[in-house]
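Inspection log for the structure reproduced underneath, given as structure tokens.
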Amino acid sequence: MTLHLPGADGTLRAYEPRTEPLPTLRATSGSAFSSRTVFSAAHVVADPYADTTPDGPAAVDWDATLAFRRHLWSHGLGVAEAMDTAQRGMGLDWPTAAELIRRSAAEARATGGRIACGVGTDQLTATAATTATLADVRSAYEEQLAVVEESGAQAILMASRALAATAQGPDDYLEVYGHLLRQAAEPVILHWLGPMFDPALEGYWGSSDLDAATDTFLEVIAAHPDKVDGIKVSLLDAQREIDLRRRLPRGVRCYTGDDFNYPELIAGDEQGFSHALLGIFDPLGPLAAEAVRVLDTGDTDGFRALLDPTVELSRHLFRAPTRYYKTGVVFLAWLAGHQSHFTMVGGLQSARSLPHLARAYELADGLGLFPDPKPAEERMRNLLALYGVNA
């Protein structure tokens with residue numbers, strides 16, 4: 001049946017939902033990829049019955065949250081846990097993030113799934129972050145690093161709002177990261193998250209000049225190459241990522257976090273390629289996994305043919321203000337049947353407009369992402385009715 005979807009101009013457009021999903025969504029295979037290491041940053045499922053407020057403690061539906069991680073592992077994807085996609089610093093507080101890390105790492109051990117977890121400083125409150133000393137920042141990082149290492153997961157050293165507010169220049173970044181890398185038990189992933197994802201990270205690595213920031217970032221890696229498994233770059237600048245990965249020491253991987261240009265970056269060129277640690281692979285999981293398996297055979301054109309059509313959806317979800325992409329990710333998880341509701345920790349389900357969500361549905365349905373398109377259509381129809389649209 002026809003749906004009438006609202007556009008940004010206030011008009012309704014007719015849309016005919018598809019009736020069948022993509023065939024690749026029906027198949028599952030947990031076997032590891034051979035050509036790329038691929039993580040999906042995974043969202044958390046809120047408890048819709050929790051009596052809380054947007055600024056209250058996070059309430060998580062643990063069963064649904066862990067079930068979604070099993071879904072990703074079943075397709076061979078690794079899980080990047082407690083990252084930006086899980087609403088770190090945007091509804092998910094540190095005590096709940098620590099619980100998430102412990103539960104997901106235990107689930108990974110039980111299922112044989114690969115997992116890496118975010119290490120940050122978000123136990124420092126917004127007020128404390130602006131008054132913290134470098135010693136405070138180091139201590140906060142150390143506390144979280146201990147939780148991740150004790151869980152048996154790989155650590156991802158995330159960018160820190162507190163460090164961005166405290167550091168006086170590049171030397172402070174060199175000191176803090178050098179300290180953490182020296183004490184890390186196993187090689188970590190370093191994460192450079194750009195200000196489009198979090199405005200508080202403007203000037204990270206000691207400079208708003210990205211060339212100067214890149215030099216500092218590379219200096220950190222060069223001083224401890226044996227402790228750096230790889231870097232995750234989330235700057236939404238394909239050429240900068242390519243230039244950066246060509247300067248990495250041998251053996252240090254580049255994990256793209258570029259949700260605008262991921263197909264070309266993963267495919268690579270004659271001088272190298274990027275692995276992946278992407279939020280967009282949360283809704284694209286089965287399709288992304290199928291594409292990487294095609295790439296494993298050496299068929300770059302086939303890989304691009306599967307993944308290139310998804311870029312329009314990804315750019316829509318990650319459009320400015322980019323930090324609200326999580327809303328679209330959870331919305332699509334609800335439509336796909338991975339959770340029974342469209343509720344988010346921190347009340348973030350309100351962060352995108354109805355026209356934005358309608359377009360996300362249209363693009364995802366057009367790609368055949370929903371395992372069963374009919375329930376997705378019914379949920380979309382119910383949402384439209386809630387907003388007063390006679391679909």
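Along the sequence shown, the residues carry numbers beginning at 1.
Judged by a 6.0 Å distance limit and a 45° cone about the ring axis, Arg36 is positioned over the six-membered ring of Phe273. Judged by the 6.0 Å distance and 45° axis criteria, Arg103 is positioned over the aromatic ring of Trp62.
Side-chain rings of Phe68 and His43 approach one another, their centers coming within less than 6.0 Å.
Judged purely by distance below 3.5 Å, without hydrogens or angles, the side chains of Thr111 and Arg70 never pair a donor atom with an acceptor atom. Side-chain polar atoms of Tyr15 and Asp365 form a donor-acceptor pair below 3.5 angstrom. No side-chain donor from either of Thr327 and Gln349 sits under 3.5 Å from a side-chain acceptor of the other. Looking only at atom types and distance, the side chain of Thr53 has a donor-acceptor partner in the side chain of Asp55 under 3.5 Å away. In summary, the side chains of Ser314 and Tyr325 do not present any donor paired with an acceptor at a separation below 3.5 Å, with no hydrogens or angles considered. For the residue pair Asp211/Thr214, the side-chain donor-acceptor check at 3.5 Å is not satisfied. Donor-acceptor pairing under 3.5 Å is recorded for the side chains of Ser160 and Thr121. The closest side-chain donor-acceptor pair between Asp136 and Tyr141, if any, does not fall under 3.5 angstrom. Judged purely by distance below 3.5 Å, without hydrogens or angles, the side chains of Gln144 and Asp122 pair a donor atom with an acceptor atom. Donor-acceptor pairing under 3.5 Å is lacking for the side chains of Ser40 and Asp282. Side-chain polar atoms of Asp9 and Thr11 form a donor-acceptor pair below 3.5 angstrom. Defined by atom type and a distance below 3.5 Å, a donor-acceptor pair is present between the side-chain atoms of Glu142 and His179. Between the side chains of Asn382 and Glu378, no donor N or O sits under 3.5 Å from an acceptor N or O.
More than 12 heavy atoms of other shown residues, nucleotides or ligands fall within 6.0 angstrom of atom CZ in Arg304.
Residue Trp73 is not grouped with residue Met83 when hydrophobic side chains (ILVMFWY) are merged at heavy-atom distances under 4.5 angstrom, including chains of intermediate members. One hydrophobic cluster, built from ILVMFWY side chains closer than 4.5 Å, cannot hold both Leu265 and Phe197; they sit in different ones.
Every pair passing ring pair (Phe, Tyr, Trp, His ring centres under 6.0 Å) that includes a residue from residues 215-249 is listed here, sequence neighbours excluded: Trp192-Phe217, Trp205-Phe217.
Across Val119 and Ala155, no two heavy atoms sit closer than the pair CG2-CB, 4.0 Å. Nearest heavy atom pair, residue Arg253 against residue Asp229, reads NH2-OD1, 2.7 Å.
Between His71 and His75, the ring planes are perpendicular. Angles over 60° get that label, and only those under 30° would be called parallel.
Distance CG/Asp269 to CD1/Ile242: 6.0 Å, rounded to 0.5 Å. Summarising the geometry, atom OG1 belonging to Thr2 is positioned 8.0 Å from atom CZ belonging to Arg381; distances are rounded to the nearest 0.5 Å. To the nearest 0.5 Å, the span separating NE2 on His275 from CD1 on Ile231 amounts to 11.0 Å. Atom CG of Asp61 and atom NE2 of His341 lie 5.5 Å apart (nearest 0.5 Å).
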Just do the salt bridge (Lys or Arg N to Asp or Glu O under 4.0 Å) check on Arg161 and Asp198 with the steps written out, would you?
CA-CA 9 Å; Arg161 292 175 179 173; Asp198 187 343; 2.6 Å; yes

